[in-house]
Protein chains: 2
Amino acid sequence: MTEKATPSPEAITAWARLMRVSRELVENAEDRLKESGLPPLAWYDVLHELAEAGEGGLRPFQLIERTLFAQYNISRLLARLEADGLVEKLPVADDGRGQTIRITAKGRETRRRMWAVYGRSIAELVGGKLSADELKMMSALLGRLRDAPVLD
Amino acid sequence: MTEKATPSPEAITAWARLMRVSRELVENAEDRLKESGLPPLAWYDVLHELAEAGEGGLRPFQLIERTLFAQYNISRLLARLEADGLVEKLPVADDGRGQTIRITAKGRETRRRMWAVYGRSIAELVGGKLSADELKMMSALLGRLRDAPVLD
DNA sequence: TCTATATAGATGCAGTTGCATTAACATCGA
DNA sequence: TCGATGTTAATGCAACTGCATCTATATAGA
């Protein structure tokens, strides 16, 4: 594909909207969680992945793949989650370096309470503004922007 | 409008895509700036607004309105920009509390060099992936999500 | 088997953000 | 005019992030 050095006006507008709207929405969702005395979105992301993974749990590097968080970030986030009793770290039988992270009952409960607030945010901030067809259209368009090329 | 507490599957998918794609794109654009030895995107946002504002400059609170940055964040960001000689702070005649921020020649030059990299990112990451019509469609859909309701 | 290299995860340190508060000035109403 | 309240911007402190590095273990190759 021919890569242009200068973006089209349409590309600039779309980019600017995307940047602004996503920041607004994240901020709004974070504010609502905070208002309810709940942990930040990052915690939800991890608890969600772990809940999906079930009793088998996930290795930290698998969480990194799924969530886009940096390695040191996951490492410390898991430490905080463990300190709060929301996850537990288990040794891995066939790899002495690693550990398996499993969500606890308390972790599931926290996730559930976060979802009550977070889900409402999604319903209001997105679901309430666009029709199902429009939402599908937006998902499709955004999907085409995924997997940005890696540098060097 | 009837506010649903539970979001539709379409809303959840659209939200998830929006969160993930926007993070990927920001990260990618930041990485490219860093690779070129240039300052982060936040600097560009401020320099861009100041360049648009021209010689008259802008008050910090105007930057806050335009950029979504928090007050303390702008305060410190401007301090860094000033330390680098990219902006200058001028007293305001009719308001002893305030100051006017004006971009310097060096600031304009830095903005220009950042745009060379940032603009290419936008062209490649967004402009190269969707047609002009699709970009307009996406901008329109995103526009409908703006101005999320403020809490309390 | 033994060394070199790769991978998993943790961490010290510097820089940044978020929160709460503060200082300085402006404005409004009695 | 003066005090109460509001607005503008800065800052101390704690938490968090990014970077680089480190430890521990695994794997591959001579």
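Residue numbers begin at 1 in each chain, while the letters A, B, ... track the order of the sequences. Keep in mind that what you see is a predicted model, and the values were worked out from it rather than measured.
Among C:dT17, C:dG9, C:dC25, the nucleotide with an atom closest to any side-chain atom of B:R97 is C:dC25. Comparing C:dG9, D:dT25, C:dT11 against the side chain of A:Y72 picks out C:dT11 as the nearest. Among the nucleotides D:dG18, D:dC16, C:dA10, the one closest to the side chain of A:S75 is C:dA10. The side chain of A:R80 approaches D:dT17 more closely than any other nucleotide in the set C:dC25, D:dT17, C:dT16. For A:F61, taking side-chain heavy atoms from C-beta onward, the closest of the listed nucleotides C:dC25, C:dG9, C:dC19 is C:dG9.
Among all heavy-atom pairs drawn from B:I12 and B:P7, the shortest one is CG1-CG, 3.7 Å.
Contacts of B:Q71 with the nucleic acid, taken as non-hydrogen atoms under 4.0 Å apart, include base atoms. Note on A:R59: only backbone sugar-phosphate atoms sit closer than 4.0 angstrom, heavy atoms only; bases stay farther off.
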Derivation and outcome, salt bridge (Lys or Arg N to Asp or Glu O under 4.0 Å), residues B:R32 and B:E35: CA-CA 5 Å; B:R32 288 165 185 237; B:E35 292 235 338; over 6 Å; no
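For B:R76 and C:dG18, a side-chain-to-base donor-acceptor distance below 3.5 Å is present, hydrogens and geometry of angles not being considered.
Residue whose closest nucleotide on DNA chain C sits further toward the 5' end, between B:A42 and A:T100: A:T100.
Ring orientation note: the planes of A:Y44 and A:H48 are close to parallel, at an angle under 30° on the 30°/60° scale.
Annotation: cation-pi pair B:R76/B:F69 absent, no NZ/CZ under 6.0 Å from the ring centroid and within 45° of its normal.
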